[in-house]
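Let me begin by presenting the structure, written as structure tokens, before commenting on it.
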Amino acid sequence: MSTGDHDQTAGSMRPQSLMFSFLGIYALDRRTAIYSGSVIDVFARLGVSEEAVRSTLARMVKRNLLERHRRGRKMYFALTPHAAEVLEDGRRRVWETGAVNRDWDGTWTMVGFSLPDSRRSTRHDLRSRLVWGGFGLLQSGLWIAPGAKDVTEILASLDHASPDNASPDNASPDNASPDNASLDMADHVTVLTARAFKPTEAADLVRKAFDIEQIAARYRAFLARWDASLPLPEAPDDLARQLLLHTDWLQLVRQDPHLPAEHLPGDWPAIRAEQVFQTLARDYQPRAAETAGAVLDTLAL
């Protein structure tokens, strides 16, 4: 998501991003399913159409993130275990990890890879997942991230990626060997932990591998939208503001590589942005929960 995406109107945000925020607040850790009609009512507050909501719910079912429960003529949706894991990770990023890395131990995780041209799409996917995992490109084929990072899940998600020129028959599950796929990735990827030694400085690694100004610009855009006496006055209620706030913040912290605070500018905008998010989240919660309680039709599981 580019910096300008934080200037978008409430109705232009991706429905799936809003849905994750909604489910993280009103479905995670609750043994309930939520009626699709009441989800549509909530998302109408955000300018999201009924068609977009139904399409998002159906897509999330296909991706094993939601499961359907029919009661009479009503369809309810509940989290799958996989979705609960995804949302729990988001909760940790928002409330536990924090926006500022003050506990860095001086180590870096380094990932080097070289994939053949027949795996161009896998190479692209690996780069995307590394960026999402907080890695920056230090030099050709060498990526770094502060601290010890477990990249096994990143690699596991690529285990079954077929070569770009594979035929449909060869790419079928019946012809694929998970063990061979894993060995293939292991043959082309190297993961190490390391520390900077003279003449290399940690500050230089941060400067070379990460676009500090772009990261800061995202936080400044968040502050421009939310650090006001009455943010989003056009929103109909605090439930809408709560969902928009959480969506904005989660997108922001997921893009943040969590760089060591000691190597960032003293006026790093993430510090103020985190304070604003936490204050507004607390302020919106009571009235948002009251509205949600009146709107949402839930089914105990």
Side-chain angles (χ1 to χ4, degrees), residues 1-8 10 13-29 65 83-105 108-109 128-136 143-151 153-154 206 209-228 231-232 241-265 267-285 288:
M1 186 170 65
S2 66
T3 302
D5 287 338
H6 284 285
D7 297 327
Q8 61 199 330
M13 297 183 76
R14 289 185 60 202
Q16 184 166 287
S17 298
L18 291 164
M19 188 68 73
F20 275 115
S21 295
F22 169 74
L23 294 171
I25 298 171
Y26 294 105
L28 185 62
D29 296 331
L65 294 166
E85 290 179 5
V86 172
L87 294 173
E88 181 59 30
D89 175 67
R91 188 197 65 78
R92 286 193 297 269
R93 295 288 288 267
V94 168
W95 295 109
E96 296 178 12
T97 304
V100 183
N101 184 354
R102 297 185 176 90
D103 302 316
W104 183 55
D105 63 0
W108 296 88
T109 299
S128 298
R129 285 166 170 79
L130 287 172
V131 171
W132 194 246
F135 284 81
W143 295 71
I144 65 170
K149 300 276 189 178
D150 184 356
V151 299
E153 288 189 10
I154 293 176
V206 170
F210 302 93
D211 190 336
I212 302 299
E213 182 51 40
Q214 184 182 64
I215 299 169
R218 292 185 185 122
Y219 280 109
R220 287 194 290 267
F222 177 89
L223 288 169
R225 187 178 190 187
W226 294 102
D227 194 8
L232 299 189
R241 292 187 186 91
Q242 179 192 53
L243 295 176
L244 292 168
L245 172 71
H246 279 255
T247 301
D248 256 4
W249 185 249
L250 184 56
Q251 292 281 11
L252 192 55
V253 297
R254 280 193 177 278
Q255 294 178 94
D256 188 339
H258 216 227
L259 298 172
E262 62 203 80
H263 297 302
L264 295 172
D267 59 348
W268 189 240
I271 299 173
R272 173 62 183 166
E274 185 171 52
Q275 293 171 346
V276 169
F277 166 74
Q278 292 180 351
T279 298
L280 290 176
R282 287 192 297 267
D283 290 346
Y284 293 154
Q285 196 280 328

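Bear in mind that the values here come from a model prediction, so they are computed numbers and not experimental data.
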*Out of curiosity, D227 CG to Q275 CD, how far, rounded to the nearest 0.5 Å?*
9.5 Å
*Please confirm whether the backbone N or O of R91 pairs with a side-chain atom of D89, one donor and one acceptor, at under 3.5 Å?*
no
_Approximate separation, where rounding is to 0.5 Å, of M19 CE and L243 CG_ = 10.0 Å
*So with a 6.0 Å cut-off around CD of E96, is the heavy-atom count from everything else above 12?*
yes
*Atom pair CD (E274) and OG1 (T279), whose distance is rounded to the nearest 0.5 Å*: 10.5 Å
*Is the shortest heavy-atom distance from the side chain of I154 to the side chain of W132 under 4.5 Å?*
no
*asked:* For P269, is there any backbone N or O sitting under 3.5 Å from a side-chain donor or acceptor partner on R220?
replied: no
*Nearest atoms (heavy-atom pairs only) where R241 meets W226*: O-CH2, 3.6 Å
*Looking only at heavy atoms, which two atoms of D103 and N101 are closest? And how far apart?*
N-OD1, 3.3 Å
_Can you tell me how the ring of W108 sits relative to the ring of W104, calling it parallel under 30°, perpendicular over 60° and tilted otherwise?_
perpendicular
*Spell out, as yes or no, whether a donor-acceptor pair under 3.5 Å connects the side chain of Q242 to the backbone of A288.*
no
*List the steps and the verdict of side-chain contact (heavy atoms from CB on, under 4.5 Å) for Y284 and H246.*
CA-CA 11 Å; Y284 293 154; H246 279 255; over 6 Å; no
*State the CG-CG distance between L245 and L232, to the nearest 0.5 angstrom.*
8.5 Å
*Could you grab the distance from atom CZ of R218 to atom CG of L252, nearest 0.5 Å is fine?*
8.0 Å
*Heavy-atom pair of closest approach, residues V276 and L223*: CG2-CD2, 3.8 Å
*If you take all heavy atoms of A261 and R102, which pair is closest and at what distance?*
CB-CG, 4.2 Å
*Which atom names give the shortest non-hydrogen contact between V253 and R93, and what distance separates them?*
O-NH2, 3.0 Å
*Residue pair P257 / P146: nearest heavy atoms and the distance that separates them*: O-CG, 3.7 Å
*Inter-residue atom distance R272.CZ - D267.CG, 0.5 Å rounding*: 14.0 Å
*Give the ring-plane orientation class for F277 versus W249, where under 30° counts as parallel, over 60° as perpendicular and anything between as tilted.*
parallel
*Would one find more than 12 heavy atoms of other residues, nucleotides or ligands at under 6.0 Å from atom CG of D105?*
yes
